[in-house]
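In what follows, every chain begins at residue 1, and chains take the letters A, B, ... in the order their sequences are listed. Remember, it's a predicted structure, so these values are computed and weren't measured experimentally.
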Number of protein chains: 2
Amino acid sequence: MNKKCTTDPDRSYKQPEFDLDKYIPGHSVDCVIVGYENQQLKILLVKWKLGGPWALPGGFVGRDQDLEAAAHQVLEERTGLKSIFLQQFHTFGRSDRHSRFKEQMDQVKAISQQLGTMDLKFSKWASQRFISTGYFALTEIKKTCPKPDFLSEKCEWVSLEKLPELIFDHNKIVDKTLKHLRIQLNFLPIGISLMPHKFTMQDLQKLYEAILQRPLERSNFQRKILKLGMLHRNGKLLTGAANKAPYLYSFNLEKYNSMVENGIGFSYLGDKIL
Amino acid sequence: MNKKCTTDPDRSYKQPEFDLDKYIPGHSVDCVIVGYENQQLKILLVKWKLGGPWALPGGFVGRDQDLEAAAHQVLEERTGLKSIFLQQFHTFGRSDRHSRFKEQMDQVKAISQQLGTMDLKFSKWASQRFISTGYFALTEIKKTCPKPDFLSEKCEWVSLEKLPELIFDHNKIVDKTLKHLRIQLNFLPIGISLMPHKFTMQDLQKLYEAILQRPLERSNFQRKILKLGMLHRNGKLLTGAANKAPYLYSFNLEKYNSMVENGIGFSYLGDKIL
DNA sequence: CCAATAGTGTCTGTGAGACAGTATGCT
DNA sequence: AGCATACTGTCTCACAGACACTATTGG
């Protein structure tokens, strides 16, 4: 797995404390947590207990909890990380977004009946109509320490290319996120959340290529990115290979922040993304 | 007022039929309905009865109603129009988004107690925490026929420049919409929803200027818009003024639709909008 | 003729994309 | 030296913005 996870091992929803009355009914958050590793985009998924389906990590909203805080909580509980890049992108409100998946609904009911502390009550609560607000987050995979919640037995990074079938409309939610991400690429210096502290230009380019799903021209990419002025050139990376050593770059935080403020209009819009 | 309104005069929520159990609790939709008239952007507002505040037209969500359908319903009930451009843009989920406006909350409770058919029950229901999904819509003002809902005494188009103080966080919702609209201007041929069937290039430019809140260069605007190829040139408009008659344009629907599909990357991003 | 506004053409600067040329690290 | 990869420079094309020029309408 992912190095050692030294964070609090007990940060998942604790079953005996799960009290329906603490949450507002009918509204949930689902998080598409995007990471990057081995030149692949991956997202964090949970797998339900008792042979249940794969799903996006999600959570309910506390009675006095801000919607965004609920998303942050999911993020923190699943990854162990605070303060990651998090952005709301869409609210999914079709009335049949759960119920039209009949077999899955039955499965969910059965599983949640066995897992919930309140048997039927929880099962009923969990199978009501839910409106769900989708958030997307960007993290460095190496820093995370995935933990399942009380409904799931696994919580893992899965490559976007091998995405399994997800519960309900979650595959569509992922699709929508990716479109959103590609557009956001034009407005946000997204790399800072997905790259390690120091990285080569090639690393960054591979990330952009993974997001845009098309190759970019090496020299033009470099010029374009450097012109934004948010990178700082550090030393060189000597790999031992028989070639010129690439520079290592890191993000200039001040510049980065002012760009998030003001927008950058960095554009790979040219070739239709939508 | 706005010509004669010949649509069904009875299309507002009917008080005696308003049954709380038909709606899901805690979630509402608010619509920022944008129109354009006399070279000004305007939005449709309602004013609560009994001296209550101005507010965005909103509505509750039926138990088996899609979220988007709820927004469409609000739109149709307030404007009399079906099938207008409608797009979800953000869900507002702060837990105190109503409650931190204490005086307003009291006012709302008092008013809804007098207006609701179920007295305290409705008042309590309406003053619970609400998460609200914001939709924005574009309409031609001349086609609309504003009607108040059962909570409001007025429903009017108000110029964005003279926007009154709105209830709760509604002013912020409007601000967010405008930013969204300016960005969308780069992706959508928005004019089609706000312009009359035939219009001059100057009309269209004025609209863009109203949205972007800055002057655009005449000749460049024309070239840029025409290059998109979604306009059809019709006849000339003879005004009787001592100058060259402008052409009248209309939207080419086929082209328009394919652009909405594929995205256009029409860009006034250059000068930071965000 | 002139005044006023509509529409077209041209020049400049910027930036994207293609690709050639130079630099560097290692054998 | 030679290879591989990193980096830089240059060329072309497209387009935005500025502005000059032509066209049309009516006095």
Side-chain angles (χ1 to χ4, degrees), chain A residues 39 182 185-187 189 195 198-209 211-250 259 263-273, chain B residues 39 182 185-187 195 198-209 212-250 259 263-273:
Chain A
Q39 307 187 7
R182 285 183 199 119
L185 206 53
N186 295 286
F187 296 91
M195 284 277 118
K198 291 188 176 180
F199 51 90
T200 66
M201 198 52 81
Q202 199 187 48
D203 292 335
L204 191 60
Q205 184 179 338
K206 287 275 166 56
L207 169 63
Y208 275 77
E209 290 178 339
I211 294 175
L212 293 170
Q213 295 187 291
R214 66 185 170 95
L216 301 174
E217 212 281 334
R218 218 169 44 81
S219 63
N220 297 329
F221 180 80
Q222 169 141 332
R223 194 160 15 90
K224 199 164 172 179
I225 292 283
L226 287 179
K227 188 163 228 173
L228 293 177
M230 65 182 179
L231 292 187
H232 182 250
R233 181 178 280 181
N234 303 290
K236 296 185 177 183
L237 174 68
L238 298 176
T239 57
N243 53 38
K244 182 172 175 181
Y247 288 108
L248 285 168
Y249 295 90
S250 55
M259 300 194 108
I264 54 179
F266 177 76
S267 168
Y268 271 112
L269 282 179
D271 310 347
K272 315 143 197 158
I273 292 165
Chain B
Q39 307 188 7
R182 286 183 197 119
L185 205 53
N186 296 285
F187 297 91
M195 285 277 119
K198 291 189 178 180
F199 51 89
T200 67
M201 197 53 80
Q202 198 188 47
D203 293 335
L204 191 61
Q205 186 180 336
K206 288 274 165 59
L207 168 64
Y208 274 76
E209 290 178 338
L212 294 170
Q213 295 187 291
R214 67 185 170 94
L216 301 174
E217 213 281 335
R218 211 173 44 83
S219 62
N220 296 330
F221 180 81
Q222 169 139 332
R223 193 162 14 92
K224 200 165 171 178
I225 293 283
L226 286 180
K227 188 164 231 173
L228 294 177
M230 64 182 180
L231 292 187
H232 181 250
R233 183 177 279 180
N234 302 292
K236 294 186 178 183
L237 174 67
L238 298 175
T239 58
N243 53 37
K244 182 171 175 179
Y247 288 108
L248 285 168
Y249 295 90
S250 55
M259 299 193 111
I264 54 179
F266 176 77
S267 168
Y268 270 113
L269 282 178
D271 307 348
K272 315 140 195 162
I273 292 165

In this structure, how many angstroms lie between the [atom2] atom of [N] and the [atom1] atom of [X], rounded?
X: B/Tyr208; N: D/dG17; atom1: OH; atom2: P; value: 14 Å
X: A/Asn234; N: D/dC7; atom1: CG; atom2: P; value: 12 Å
X: B/Leu204; N: C/dG7; atom1: CG; atom2: C1'; value: 15 Å
X: B/Leu248; N: C/dA6; atom1: CG; atom2: P; value: 12 Å
X: B/Asp203; N: C/dT5; atom1: CG; atom2: C1'; value: 14 Å
X: A/Leu226; N: D/dA6; atom1: CG; atom2: P; value: 14 Å
X: A/Gln205; N: D/dC7; atom1: CD; atom2: C1'; value: 13 Å
X: B/Gln202; N: C/dA4; atom1: CD; atom2: P; value: 15 Å

Completion exercise
Of C/dG15, C/dA6, D/dC7, the nucleotide closest to the side chain of B/Pro246 is C/dA6
Handout entry: Which nucleotide in D/dC15, C/dG7, D/dC7 has an atom nearest any side-chain atom of A/Arg233
Key =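 Shortest atom-to-atom distance from the side chain points to D/dC7.
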Problem - Where protein sits on nucleotides 19-27 of chain D, one letter per nucleotide: B base, S sugar-phosphate only, - none, heavy atoms under 4.0 Å - result: B---BBBB-
Atom [atom1] of [X] and atom [atom2] of [Y]: how far apart are they, to the nearest 0.5 Å?
X: A/Lys198; Y: A/Leu237; atom1: NZ; atom2: CG; answer: 10.5 Å
X: A/Ile225; Y: A/Asn220; atom1: CD1; atom2: CG; answer: 11.5 Å
X: A/Thr200; Y: A/Asn234; atom1: OG1; atom2: CG; answer: 12.0 Å

Exercise for the section: Examine D/dC15: is either OP1 or OP2 under 4.0 Å from a nitrogen or oxygen in the side chain of B/Lys224? Give yes or no. Expected result: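 It does not, given that no N or O in the side chain of B/Lys224 lies less than 4.0 Å from OP1 or OP2 of D/dC15.
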Exercise for the section: May I ask you to evaluate whether A/Gln222 reaches the phosphate of D/dA6, defined as a side-chain N or O under 4.0 Å from OP1 or OP2? Expected result: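 Result: no.
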Practice task
Specify the closest pair of heavy atoms between A/Asp203 and A/Met195, including all atoms of both residues, with the distance to one decimal.
Solution key: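 Smallest interatomic distance, heavy atoms only, reads O-CE, 3.6 Å.
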Exercise for the section: State which residue, out of A/Gln213, A/Gln205, A/Lys206, fulfils the side-chain hydrogen bond (donor to acceptor under 3.5 Å, both in side chains) condition with A/Glu209. Expected result: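 Of all the options given, the one that passes is A/Gln205.
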Problem - A/Leu248 and A/Lys236, any side-chain heavy atoms less than 4.5 Å apart - result: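 With C-beta onward as the side chain, the pair stays apart.
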Problem - Any residue meeting side chain to side chain contact (heavy atoms under 4.5 Å, CB included) with B/Tyr249, in chain and number order, not counting sequence neighbours - result: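 Testing B/Tyr249 for side chain to side chain contact (heavy atoms under 4.5 Å, CB included), a comparison that skips the adjacent residues, returns B/Phe199, B/Met201, B/Gln222, B/Leu226, B/Leu231, B/Arg233, B/Tyr247.
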